Amino acid sequence: MTFHITIDGRPVPVAPGQTIGAALHAAGVRSWRSTRFGGRPRGLFCGIGVCFDCLISVNGRAPERACLTEAEPGDEVTTS
Amino acid sequence: MIYDLVVVGGGPAGVAGALTAALAGLRVALADSSARLGGQYFRHVADPEPAPGLDRFLRQARALEARADVLPRHQVWNISREPDGDLLVRCENHTGEPVTLRTRRLLIATGAHDRPLPFPGWDLPGVLTAGGAQALLKGNGVVAGRRIVVSGTGPFLLPVATGLAGAGARVLGVFEANGGLGLARHPLMALGKAAEAAGYAAGLARHRVPYHTRQAVIAAHGEHEVEAVTLARLDKAWNVLATRVVECDTVAAGYGFVPQIELGTQLGCGTRHDVDGSPVLVVDAEQRTTVPGVWAAGEPTGVGGWRLSELEGRIAGRSMTGPVPEILARRRERWRAFGAALQRAYPVQPGWQGWLRDDTLVCRCEEVPLARVRQARRLGATDARSIKLLARPGMGWCQGRICGYAVSCLAGELPQPPRRPIAQPVTLGALASLDASLNEGTL
Amino acid sequence: MSDVIVVGAGVVGAACAYYAARAGLDVTVLDRGPVAGGTTGSGEGNVLVSDKEPGPELELAVLSNRLWRDLAGHGGFEFEAKGGLVVAETGEVQRQLGELAAKQDVEHVIVPGPELREHEPHLTNELAGGVFYPQDAQVQPMLAAARLLELGAGSFGHGTLRLRLGAEVSGVIRSGERIRGVRTTHGDVLGDAVINAAGTWGGEVAALAGVNLPILPRRGFILVTEPLPEPLIRHKVYTAAYVTNVASDSADLETSAVIEGTPAGTVLIGASRERVGFDRTTSVPVLAKLAAQAVALFPALREVRAIRSYCGFRPYCPDHLPVIGADPRVSGLYHACGHEGAGIGLAPATGHLLAQLITGGRPDLDLHSFRPDRFAESQEAP
């Protein structure tokens, strides 16, 4: 059944099979990264792994595409 | 181990091709970047309204899993030819480990992705591609927003809008930049798809979603995410005639599709420009590319939808072990004509370039505004590649997949076949582990 | 009618045009493609003094280094005076590097092994030492070329500079022994002097004028990483093997680690050299070797992802020196090509010296070693 991940320590509910990007978006978290030069907010855009806008660090790993990465119970993600 | 066939892509074309070949006795592997088969069309985790053909696809997928090595969450980043003629398919699995598949034949069934056009504010969170909104809904059961505007061009906007509305979103309208004729005379009707068109019309009517032609979102506004959009009435060439501002929290926009052909161009496969100008792989009547041992099926050979994709996959699989029945070839010609007619009915018109401002980002990854693209042109960049070299659009993470079409238009040329020797990011550690000098004596 | 026609809008052609226009000449630059579309657009932007053996090429590099700094003052392109760090795997190599540095007579600092990380915090600690060259620099070559052309065209009171892109030279126009211009796919262009700055394709342009220049492509791949949030690498860092590979005559693949960060946040990883003609097919074994060398030098790169690679064709001559000067075989024909992997770095000096020559002055450096007729007429490109 549903479980939780955390973003910067805050819990976000996840339905099994959802990607991290989908769970965040559903919870109203629509951006989790800012750009290198303009500091502009970024979240989901293409939703299918093409645009890399949705990069996010999961459990301290190098950033990966939130739209492709299926959420696992207890995942800790951080904004950047 | 040497496979008889490796298929890249687990959508309708890839699964049909892999299954057909496996049933004919070939030793087959199928690699796909997703966690499960289906591609962009058959997303079925949380789909309350299953796509037509889903049952059939799922049966094929189950049959395939019993007869072939299905490798989900494998990102293929390069394919190259060995001196003995075998092909090496280089993947990275989901734990970041390199996986190399050796095969005698290859089927490229890598599908397509949305073709976005830039507009002011298109990088605000809440602006999604139409396919992105669809993937959220069908793959994750997540409705992209509460007040949604669907905009762009092409019939794909219709299922996106009806899906979102059916899932409870308030869809403020479908804004179709082309086609001054309205839904009653939608090109789907003329192409003999009256039932499909009527289905969409009924769906939109049921949820009171208006369908506007010659209108589009030309700007998104908001501080941290989209709060409103400017909608414009357009002339035939998409020049703005009048505008109004509408509050919304989400935009789903799409202007057709970009076939993913870089694995083919890595191998030197010949390309051509499709009806809409997209570079696609040249294939013969049996889906063979110009490179021996390499087949392609589905959108990489020209966008035409899932039925055509599946058919092309079957034809490719059949032709690997024997003759292709004439009836399949005839059916394919019909679907191809349908795909081409749709591309003709929904062209991208040049007026969108007038929607941009100097500070509108053309390239989202490298944050390149229109002004820098124009400056590059003034400095002597006469094509998209040299604009990239001078101003960096397309140099970032997505390697130009998102901005490439727009940059080509701004350069005044047709999109050129991609040069992406590394089709997916790969860690230097994984790449280094392939170095022969490190592996000497370990075999 | 121009005073000078420059064939090639790469960085060398741009520098030739810039200095000629500054010297008061009317210049037309021709290219079959866009600005910087050939080898200029597929290198790393090296402005190095560290990798040159003492001799004429080093003198050229030192002059060019100074000129690049002057040009950078105009702005409009990235120029990073970040310095280069050459590292040695063994004590013996470190000793050789020290000897080379002493002979080069350019500014340098010998860095003992334990102090390497003060220069580059993320370097492996398995190195014997290195030599730091403060003058080594990095330039964004495509923008630099474009800006030089723009500056040359925009400098009031000098000559004029016109750019004609998409015009491929198909022949030369002569009167008697003298060259009078070139034929192009877009019509004839007349001029008193023609500078062949066609880079890797310089041999083909020379052949149109009836002279032999043995210039051939040497393929090099470069890996580009994802942009890093924090700079990991401060300088241009390369292994001693790079110096020997540059001067090598082998046709086989040679690689050495050349690694640096860029203002865009990416890390560029080179360098490979192999003689395979104009074959663009990506070689995964070469990329794997480049990655292995990079990870060996900077273990922190192991988890960093490569997102692209590209290759280019460096124009090389049998003696690894460029061709710069008047061609005694055809009056009015000058060459500025064959700079191999150093074309970016050597471009300003090349343009400056040729402008001096064409305006009848005495070049600041003796061009004898670079003369176009130094190759035996029978000498084929190897």
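Naming: A, B, ... by sequence-line order, numbering from 1 per chain. From a predicted model like this one, the values you see are computed outputs, not experimental measurements.
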* Structure fact -> Okay, Gln134(B) and chain A: the region with an atom under 4.5 Å from a heavy atom over there is neither
* To do: Side chain from CB out, backbone as N, CA, C, O: work out which of these in Ala15(A) comes under 4.5 Å of a heavy atom of chain B, or both, or neither.
  => neither
* How about His224(B): does its NE2 atom have over 12 heavy atoms from other parts shown lying under 6.0 Å from it? -> no
* CG/Leu128(B) to CG/Leu44(A) distance, rounded to the nearest 0.5 angstrom? -> 6.5 Å
* Asked: Which pair of heavy atoms, one from Ile48(A) and one from Ala112(B), lies closest together, and at what distance?
  -> CD1-O, 4.5 Å
* Asked: Who among Asp249(B), Val143(B), Val258(B) has the most heavy-atom pairs with chain A under 4.5 Å?
  -> Asp249(B)
* Take the angle between the ring planes of Trp122(B) and Phe45(A) and call it parallel below 30°, perpendicular above 60°, tilted in between. => perpendicular
* Asked: Taking non-hydrogen atoms and a cut-off under 4.5 angstrom, which of residues 64-80 of chain A neighbour chain B?
  -> Arg65(A), Leu68(A), Glu70(A)
* Asked: Which atoms of Arg61(A) come close to chain B, meaning under 4.5 Å heavy atom to heavy atom: side chain ones, backbone ones, both, or neither?
  -> neither
* Asked: With only heavy atoms counted, which part of Glu366(B) is less than 4.5 Å from chain A, the side chain, the backbone, both or neither?
  -> both
* From CG (Leu361(B)) to CZ (Arg40(A)), nearest 0.5 Å -> 4.5 Å
* **Taking every non-hydrogen atom, the tightest pair across Gly47(A) and Ala135(B)** => O-CB, 3.9 Å
* Minimum heavy-atom distance between Cys398(B) and Cys51(A), given as atom pair plus value -> CB-O, 3.8 Å
* For Asn140(B) and Gln18(A), work out which heavy atoms get closest and say how close. => O-NE2, 3.0 Å
* Nearest atoms (heavy-atom pairs only) where Glu367(B) meets Gly39(A) -> OE1-N, 4.4 Å
* Asked: Do Arg42(A) side-chain atoms and Leu124(B) backbone N/O form a donor-acceptor pair below 3.5 Å?
  -> no
* Asked: From Thr129(B) OG1 over to Asp53(A) CG, what is the distance, rounded to the nearest 0.5 angstrom?
  -> 10.5 Å
* Arg36(A) side chain to Cys365(B) backbone, donor-acceptor under 3.5 Å -> yes
* Structure fact -> Looking only at Gly49(A), Cys46(A), Gly43(A), the option with the highest number of non-hydrogen pairs under 4.5 Å against chain B is Cys46(A)
